[in-house]
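This report concerns only the one structure given below.
Computation of the quantities below employed the complete heavy-atom set of this structure, encompassing side-chain atoms and omitting hydrogens, waters and symmetry-equivalent molecules. Lettering follows sequence order; numbering is per chain, from 1.
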There are 2 protein chains.
Amino acid sequence: MTSTPTAGKAGRRRDPEKDAQILQATLDVLAETDYADVTIELVAARAGAGRHTIYRRWEGKDELILAAIACTDSADLGPDGLPDTGTLRSDLLALLDPNWMGGSERRLRILSSVSAMITRTPSAVDAVTKAIVDPSTAAYRFLIQRAVDRGEYALPHNLDALAQVIPSMAAYRAFFMQQVVDEEFMLSIIDGVVLAALREPSAANR
Amino acid sequence: MTSTPTAGKAGRRRDPEKDAQILQATLDVLAETDYADVTIELVAARAGAGRHTIYRRWEGKDELILAAIACTDSADLGPDGLPDTGTLRSDLLALLDPNWMGGSERRLRILSSVSAMITRTPSAVDAVTKAIVDPSTAAYRFLIQRAVDRGEYALPHNLDALAQVIPSMAAYRAFFMQQVVDEEFMLSIIDGVVLAALREPSAANR
DNA sequence: AGATTGCGGCACTGTGTAGTGCCGTATTAG
DNA sequence: CTAATACGGCACTACACAGTGCCGCAATCT
């Protein structure tokens, strides 16, 4: 009711810009350091805000981080943002360049930082799942499904499992092995696992 | 030189049992809570030791945790500890029962807790890689290679990539999705990804 | 025995950070 | 105008934990 900006109240209005700036700053810090090292002080400084401005909007640190995760930009993982090169192999590979390095590498870092939070804050699982895990899986599922639809491959035995291969293996490598997710690695997964698990359609191809 | 237990020194000897008890307690706490929540106090209490006894043996918290990781028991992942049921499928599945739930689930929790440490302590990567990541991958590589050797499957295009599939996907699921790694899930990976990516050998099989 | 070191328990210091209160200033409604 | 609210900056409290010193006791060497 009174949540509209133009409520019949006196006083200065909250700057809607600030919300976005603070959430972005939170994601930045989260992408750079660990969850435990994310201090409100740091976020406030990064956002050019006072701590009060943060506490006025969110209950505490956890609420802030949850809100930030929820607004992670995953637009590039929607059907419209995905590459369409003609073959599944180059589609999957295309997802690497401006995406893994621009969008998804950031997502991966955030995912990694938030992992510490996941183990103790149950609601963090939902936030991460909705904002990061599900969109990633959905993107790969979409690409594979489209390749099947166009007759490039037969419908696999378990599409959901296959769609999780790349996000899982990329996360494992970047995260636990601290090694770069580069083209060479992606190719080894794409050719050695994903495409290897797919079969040509029953009708002869090529 | 003077490192042997019977050095010509006066005074009470260090209890070698204590080292093991403290490291085990560290792993226990690490498996139950997050890295940030691992307090020396907690470890000491769990080990029935005083904090001094810990600080006398290790420089600080990080050294302690690194030492604990290094002594993670991965004997069950050596060739002698692995199942040998006759088929790759049941070998992979057999690794789930007393192993994923007994040994590897614990390893997974530890892996997850330590992830926060990985991002800031470079040496943690080595410790985790040596103690947990490499042995797991090696175990799956061994099982697949053996199946190839006995003629069950042809040598895959990329054995290393395939050997990482299960640890990666299990970690991703347990860790980021906070869902159980049960038989149903394992079967979906085994049948939907790993075995799907393997081909019968050139000579007709069965 | 006497000296020396290990051990558990307690108290203490130092540090870092979440969260709050206050102040001066800016914005907006009436 | 005045009142009310937002904002940045600063100071302050509360708390948790790393790391250390001290005490009394136990074990082992000469």
Side-chain angles (χ1 to χ4, degrees), chain A residues 1-26 29-30 32-68 113 116-117 120-121, chain B residues 1-26 29-30 32-68 113 116-117 120-121:
Chain A
M1 295 299 183
T2 55
S3 62
T4 42
T6 12
K9 290 293 210 66
R12 183 175 173 173
R13 309 294 183 77
R14 280 193 193 170
D15 186 358
E17 284 283 306
K18 278 295 164 191
D19 291 68
Q21 284 174 16
I22 292 171
L23 291 176
Q24 271 308 307
T26 306
V29 175
L30 217 43
E32 284 168 18
T33 77
D34 184 62
Y35 163 79
D37 291 332
V38 175
T39 65
I40 303 287
E41 174 75 34
L42 222 63
V43 172
R46 177 72 63 104
R51 285 210 291 268
H52 263 310
T53 309
I54 294 179
Y55 284 111
R56 197 175 293 119
R57 289 153 206 254
W58 295 279
E59 284 290 325
K61 187 176 167 179
D62 282 357
E63 326 292 328
L64 169 64
I65 294 186
L66 288 178
S113 291
M117 187 179 176
R120 48 179 158 189
T121 312
Chain B
M1 296 299 182
T2 55
S3 63
T4 42
T6 14
K9 290 293 210 66
R12 182 174 174 173
R13 309 295 186 71
R14 278 192 194 171
D15 187 358
E17 284 282 305
K18 277 295 163 191
D19 292 68
Q21 285 174 16
I22 293 170
L23 291 175
Q24 271 309 306
T26 306
V29 176
L30 217 43
E32 285 168 18
T33 76
D34 183 62
Y35 163 79
D37 291 332
V38 175
T39 66
I40 303 287
E41 175 75 35
L42 221 63
V43 173
R46 177 73 63 104
R51 284 209 291 266
H52 262 309
T53 309
I54 294 179
Y55 284 111
R56 197 175 292 120
R57 289 153 206 255
W58 295 277
E59 284 290 326
K61 186 176 167 180
D62 282 357
E63 326 291 329
L64 170 65
I65 294 186
L66 287 179
S113 291
M117 187 180 177
R120 48 180 158 188
T121 311

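- Nucleic acid contact class of B/Ala44 (heavy atoms, under 4.0 Å, all strands): none.
- Rounding to the nearest 0.5 Å gives a distance of 9.0 Å between CG of B/Leu64 and OH of B/Tyr55.
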Could you spell out the base pairing of DNA chain D in dot-bracket, with Watson-Crick or G-U pairs whose two distances are under 3.5 Å, [ ] crossing and | to another strand?
||||||||||||||||||||||||||||||

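- Between A/Arg57 atom CZ and D/dT5 atom P there is a gap of 16 Å when expressed in whole angstrom units.
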Under a 4.0 Å heavy-atom criterion, the protein footprint on nucleotides 13-21 of chain D, written with B, S and -, is ----SSBBB

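- Considering only residues two or more places apart in sequence or on other chains, A/Glu63 meets the side-chain hydrogen bond (donor to acceptor under 3.5 Å, both in side chains) condition with none of them.
- At distances below 3.5 Å, not a single donor-acceptor pair connects side-chain atoms of A/Thr53 with backbone N or O atoms of A/Ala49.
- For the atom pair A/Leu23 CG and A/Lys18 NZ, the distance stands at 12.0 Å (nearest 0.5 Å).
- Taking atom CD of B/Gln21 as the reference point, atom P of C/dC7 lies 10 Å away to the nearest angstrom.
- Distance CG (A/Leu64) to C1' (C/dG19): 14 Å, rounded to an integer number of Å.
- Taking side-chain N and O atoms only, B/Thr53 has no distance below 4.0 Å to OP1 or OP2 of C/dG6.
- Counting to the nearest Å, the C1' atom of C/dT5 and the NZ atom of B/Lys18 are 16 Å from each other.
- Atoms CD and CG, on A/Glu17 and A/Asp19 in that order, are 9.5 Å from each other to the nearest 0.5 Å.
- Residues satisfying the salt bridge (charged side-chain N to carboxylate O under 4.0 Å, His left out) criterion with B/Asp15, sequence neighbours excluded, are absent altogether.
- Atom CG of B/Leu42 is separated from atom CG of B/Leu30 by 11.0 Å, given to the nearest 0.5 angstrom.
- Geometrically, A/Lys61 engages A/Tyr35 in a cation-pi contact, judged by NZ or CZ lying under 6.0 Å from the ring centre and within 45° of the ring axis.
- For B/Asp37, the salt bridge (charged side-chain N to carboxylate O under 4.0 Å, His left out) criterion is met by A/Arg120, not counting sequence neighbours.
- B/Ile54 places its CD1 atom 9 Å from the P atom of C/dG8, with the value rounded to the nearest Å.
- At a threshold of 4.0 Å, the pair B/Glu41-B/Arg46 does not count as salt-bridged, since none of the basic side-chain nitrogens sits closer than that to a carboxylate oxygen.
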Protein-nucleic acid N or O pairs under 3.5 Å, nucleotides 25-28 of chain D:
unit_1, atom_1, unit_2, atom_2, d
D/dA27, N3, B/Arg12, N, 3.4
D/dT28, O3', B/Arg13, NH2, 3.4
D/dT28, O2, B/Gly11, N, 3.2

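- When each of C/dG8, D/dG8, C/dG6 is scored by its nearest atom to the side-chain atoms of B/Arg14, the top-ranked nucleotide is C/dG6.
- Atom CD1 of B/Ile65 and atom CE of B/Met117 lie 5.0 Å apart (nearest 0.5 Å).
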